[in-house]
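In this text, all values refer to a predicted model and were calculated from it rather than measured experimentally. Quick note: numbers below take in every heavy atom, side chains included, and nothing from hydrogens, waters or symmetry partners. Naming convention: chains lettered A, B, ... in sequence-line order (proteins, then strands); numbering from 1 in each chain.
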Amino acid sequence: MSDQPDQKNAPPVPVPGDDIHHLEAQRRTNRQKVCELGLDPYGGRTDGLLSLRDAAERYDADADAEHQSGSKEDGYVDRRLAVKVAGRVVLHRDNGKLVWMNLRDQSRDSLQVAVSKRDATEAGFGLSKAADIGDILVVEGPVMKTRAGETTVWASDVQSASKCLVPPPEKHSGLADAETRARQRYLDMWVNPETTRVLALRSKLISHTRRFMEGRAFLEVETPVLQAQAGGAAARPFITHMNALDMQLYMRIATELHLKRLVVGGMGRVFEIGRIFRNEGVDKRHNPEFTSMEAYQAFGDYETMAELTETLIRELATLSAGFWRDAGEDRAEGSLTLPFADLSIDYARPFDRVTYNELFERALGFASSDTDRVWAEAQKRGLIGKYARHLKDEDREIGSAGASDLRGKIDDALIVNELFEEVAEASLDPARPTFVFDYPSALSPLTRPKRDEPQIAERWDLFIAGMEIGPAYTELNDPDIQEAKFREQLSGLDDEESTFRNLDEDFLRALKVGMPPAGGLGLGIDRLVMLMCDRPSIRDVIAFPFMRPE
RNA sequence: GGGGGCGUAGCUCAAUCGGUAGAGCACCGGCCUUUUAAGCCGUUGGUUGUGGGUUCGAGUCCCCCCGCCCCUACCA
């Protein structure tokens, strides 16, 4: 819809119609006033702009003092530095022949500008009188300080760069409604500068991660999002359709199997930062599409990936502490302790390390190998029945029987893991980043077992603030073992799962070509950003999180 | 999937036992050349998320639906 007549220089006219809110109609009238001043409300290319932050730093106290001393004789030259800035109007105070405004841009929440009838152009002054909160203005003039000591651009000219037709949120309490903030992120960003900062830091964290990986000789690659079968993780995929071939396709649920193919092909170190899609529940820690980094390093193992991960996260924490300090919020307490919710998380100290079985025994008071006590404890906590709900249909009847009947039907390791997730994970200190090493092989069928302890898989999970940040593995590279474990896993699927989970024959063919031993890593980037920004909801660190249609 | 809460002016929020829908900010008009959420004076602004029901009377009580939040479950 355009309300702009074809004739050049013709001012835009208010769109007629009764459905326009009176506040918007008023702003359309104010836009008309801008046109009548001979100005284009929507501006154009503007060279020589300084950020508000840079402009404020151009303040010259001596020149300002000289100017304000009043002794302006014939040869007086204003030595104050003139700047040109642009920003969105966040406050507007009309004092009659002097208009005060505060502008906001990405570099600075607010910089004051003053437009006086005496010193500004006639059009610029008129524009300032007609300006609405939310308009984007270009202001040119010297940097000075007011009597109250506030750095101010004293305008010689003002231009309009864009007109805001939408009534703004309340200027003090702002925009609080979480739904509106997520749906109209552009509005949230204007009103709540913190939102823009979070998205800016997210960008810097991803960029730094990329440089970090490249510094370690990893190549960034891109693998398919649209796949005939979605493999590499146990998650429900989104289904889509390809018209040209009239076939069903899936959105990827992991990048793993393709990255490993590249390792087979000879790329020894690869990583991909990209979007993963999982057709599962949505809550404050899960968005249907999220960003992961997966990395594979030939001739490494899970220890290699632990060192890499810990170093990377420490660097990201350093970057974040510096970012918040620059933004005027010195969040880091001590050397590298960042807040998250009510926690203080110390990234400077070496991360804690504990093995799965150690943590189990510490939290439960008995060894995971003590199957009698494992079953008794699980039954006491009601975890058997909970587990039985996952059973295949033919086993479900057994599930309604007592726990004693189930023993022997369910792998002990699965019951151990129910206790582990319920009790042991919860016992971790959320303020201490912790690697949990050495999961039972029965839980990680696609991971390489320890040479001397085949019941233990070379896998760790990193937990910070109670969140799983990512797993890493020593990858299985024996194609026959891999195939056997794939088949074993597939045989345990229920009807629904088996509709979208198939044996990836091509991946097995790739392994037969020969993959070097390798360490593999998966990191949840969104959750890392949550930690670095102290945002407890994943929706706050994704610019456009999933929302039901309005 | 289950339980709980919320939805009122552009925004932030009130509205007693079911009894005339209000305030602040924003907006509009007037005054004002060093203001700081500027100030002073005067206005304007509502399909109380949608649809139905009970009642003399519903923002308030009941039911359906929509959306959001929290807890829980599921899921890596």
Please measure how far the P atom in B/C40 lies from the corresponding atom in B/U35, and state the result in whole Å.
15 Å
Say we look at B/C70 and B/C28: how far apart would their P atoms be, to the nearest angstrom?
37 Å
What does A/R181 touch in the nucleic acid at a heavy-atom separation under 4.0 angstrom: a base, only the sugar-phosphate, or nothing?
nothing
Sugar-phosphate only, base, or nothing, as touched by A/R27 at under 4.0 Å among non-hydrogen atoms:
nothing
Angle class for the A/W154/A/W100 ring planes (parallel below 30°, perpendicular above 60°, tilted otherwise)?
perpendicular
Atom CD of A/E179 to atom P of B/C11: distance rounded to whole Å?
12 Å
When the nearest nucleotide of RNA chain B is assigned to A/F546 and to A/K97 on a heavy-atom basis, which residue is associated with the more 5' position?
A/K97
Heavy-atom count check: over 12 atoms from other residues, nucleotides or ligands less than 6.0 Å from A/R353 CZ?
yes
Identified ring pair (Phe, Tyr, Trp, His ring centres under 6.0 Å) counterpart of A/Y302 within the set A/F437, A/F435, A/Y473
A/F437
Whole-Å C1' distance, B/U47 and B/U43
24 Å
Take atom CG of A/D177 and atom C1' of B/G5, then tell me their distance rounded to the nearest Å.
14 Å
Candidates B/C68, B/U12, B/C28 - which lies nearest the side chain of A/N30
B/C28
With a non-hydrogen cut-off below 4.0 angstrom, is A/R527 in contact with a base, only sugar-phosphate, or nothing?
nothing
Please report the distance, rounded to the nearest Å, between CD in A/E421 and P in B/U72.
15 Å
Distance, C1' atom - from B/C41 to B/G53, rounded to whole angstrom
48 Å
Identity of whatever pairs with B/C28 - Watson-Crick or G-U, under 3.5 angstrom
B/G42
When the P atoms of B/A9 and B/G22 are considered, how many whole Å apart are they?
14 Å
May I have the distance from A/R236 (atom CZ) to B/G1 (atom P), rounded to whole angstrom?
14 Å
Could you pick out which residue, A/K129 or A/D283, lies toward the 5' side of RNA chain B when each is mapped onto its nearest nucleotide?
A/K129
Could I get the full list of salt bridge (charged side-chain N to carboxylate O under 4.0 Å, His left out) partners for A/D534, not counting sequence neighbours?
none
Answer yes or no: are there more than 12 heavy-atom neighbours, outside A/R58 itself, under 6.0 Å from its atom CZ?
no
B/U8 to B/U48 separation - C1' atoms, rounded to the nearest Å
4 Å
How does protein contact run along nucleotides 34-47 of chain B, one letter per nucleotide 5' to 3', with B for base contact, S for sugar-phosphate only, - for none, heavy atoms under 4.0 Å?
BBBBB------S--
So what does A/L175 touch, heavy atoms closer than 4.0 Å: a base, only the sugar-phosphate, or nothing?
sugar-phosphate
Across all strands, who's sitting opposite B/G7 as a Watson-Crick or G-U wobble pair, both distances under 3.5 Å?
B/C66
Give a yes/no on whether any side-chain N or O of A/R548 is located under 4.0 angstrom from OP1 or OP2 of B/C66.
no
Rounded to the Å, how far apart are A/H286 NE2 and B/G1 C1'?
16 Å
Given B/C69, B/U33, B/C28, the nucleotide with the shortest approach to the side chain of A/D132:
B/C28
Who pairs with A/D94 by salt bridge (charged side-chain N to carboxylate O under 4.0 Å, His left out), at least two apart in sequence or on another chain?
A/K129
Below 4.0 angstrom from OP1 or OP2 of B/C68, is there any side-chain N or O of A/R539?
no
Give the rounded distance in Å between these two atoms: CD of A/E468 and P of B/C74.
16 Å
A/E24: partners by salt bridge (charged side-chain N to carboxylate O under 4.0 Å, His left out), with sequence neighbours left out
A/R28
Minimum-distance nucleotide (side-chain atoms of A/K117 versus B/C28, B/U33, B/U12):
B/U33
Please identify each residue that fulfils side-chain hydrogen bond (donor to acceptor under 3.5 Å, both in side chains) with A/S444, with sequence neighbours left out.
A/R459
Salt bridge (charged side-chain N to carboxylate O under 4.0 Å, His left out) with A/D301: which residues, sequence neighbours excluded?
none
Whole-Å distance separating the CZ atom of A/R285 from the C1' atom of B/C74:
16 Å
Taking any strand in view, what nucleotide pairs with B/U12 in a Watson-Crick or G-U wobble way, both distances under 3.5 Å?
B/A23
Give the ring-plane orientation class for A/Y356 versus A/Y439, where under 30° counts as parallel, over 60° as perpendicular and anything between as tilted.
tilted
Could you tell me whether A/G174 contacts a base, only the sugar-phosphate backbone, or nothing, with contacts defined as non-hydrogen atoms closer than 4.0 Å?
sugar-phosphate
Tell me what A/E425 touches on the nucleic acid: a base, only sugar-phosphate, or nothing, going by heavy atoms under 4.0 Å.
base
Any idea if B/C31 is syn or anti, going by the 90°-from-0 cut?
anti
In whole Å, what separates the C1' atom of B/A15 from that of B/U54?
22 Å
Atom P, compared across B/A58 and B/G42: separation rounded to whole Å:
35 Å
Check the phosphate of B/C28 against A/Q26, side-chain N and O only, distance under 4.0 Å to OP1 or OP2. Yes or no?
yes
Rounded distance (Å) that lies between atom P of B/C28 and atom CD1 of A/I133
10 Å
